[in-house]
Amino acid sequence: MREVGHLHAAALGSLPESKFVAVCARTAEKASAFATQYGVAPFTDVGEMMEKTGVEVVVSVRTPPARGHGPGRRFRRGADALVEKPLAS
């Protein structure tokens, strides 16, 4: 994970009104390392993460090419999404 992901993780972990519960990365190794650092559950599939954790808001810090169809999947599953990068470039 890059610096922006860590900034969001620290912010979410410090807000009393939020509960940071999971991270989703492209590889299990990256997800596990990030999850261990912040005490959250690691995932490599957004749909599985949402199903197993019941998250209400997803923060996406990926660039548009790397993001694929992720934001659309989150909206269809009923979660709000904060997209750090532009939706399209």
Side-chain angles (χ1 to χ4, degrees):
M1 295 281 179
R2 296 189 179 178
E3 186 176 334
V4 175
H6 290 282
L7 291 173
H8 281 284
L12 290 170
S14 71
L15 295 171
E17 62 272 14
S18 76
K19 184 177 178 186
F20 183 29
V21 297
V23 63
C24 187
R26 285 182 272 185
T27 68
E29 294 80 19
K30 287 182 180 182
S32 291
F34 196 88
T36 298
Q37 184 173 350
Y38 293 98
V40 299
F43 292 91
T44 56
D45 181 85
V46 173
E48 179 186 12
M49 177 185 73
M50 294 182 71
E51 183 178 303
K52 289 186 175 178
T53 64
V55 296
E56 297 175 3
V57 177
V58 176
V59 178
S60 175
V61 296
R62 292 173 125 182
T63 60
R67 192 167 46 234
H69 299 291
R73 288 172 49 192
R74 289 185 277 279
F75 292 131
R76 284 193 299 276
R77 291 181 180 269
D80 292 325
L82 178 116
V83 182
E84 171 71 27
K85 310 286 191 280
L87 285 173
S89 57

Practice task
Report the C-alpha separation of M49 and D45 in whole Å, then their side-chain angles, then the decisive distance to 0.1 Å, and conclude whether the side-chain contact (heavy atoms from CB on, under 4.5 Å) test is met.
Solution key: CA-CA 6 Å; M49 177 185 73; D45 181 85; over 6 Å; no
Return a table of donor-acceptor pairs under 3.5 angstrom between the side chains of residues 34-44 and protein atoms on other chains or two or more places apart.
from	atom 1	to	atom 2	distance (Å)
T36	OG1	S32	O	2.8
Y38	OH	H6	ND1	2.7

Practice task
Spell out, yes or no, whether V23 and V57 are grouped together once hydrophobic residues are joined by side-chain heavy atoms under 4.5 Å, including indirect joins.
Solution key: no
Practice task
Please identify each residue that fulfils salt bridge (charged side-chain N to carboxylate O under 4.0 Å, His left out) with K19, with sequence neighbours left out.
Solution key: none
Exercise for the section: Would you please name every residue forming a side-chain contact (heavy atoms from CB on, under 4.5 Å) with T27, sequence neighbours left out? Expected result: E29, K30
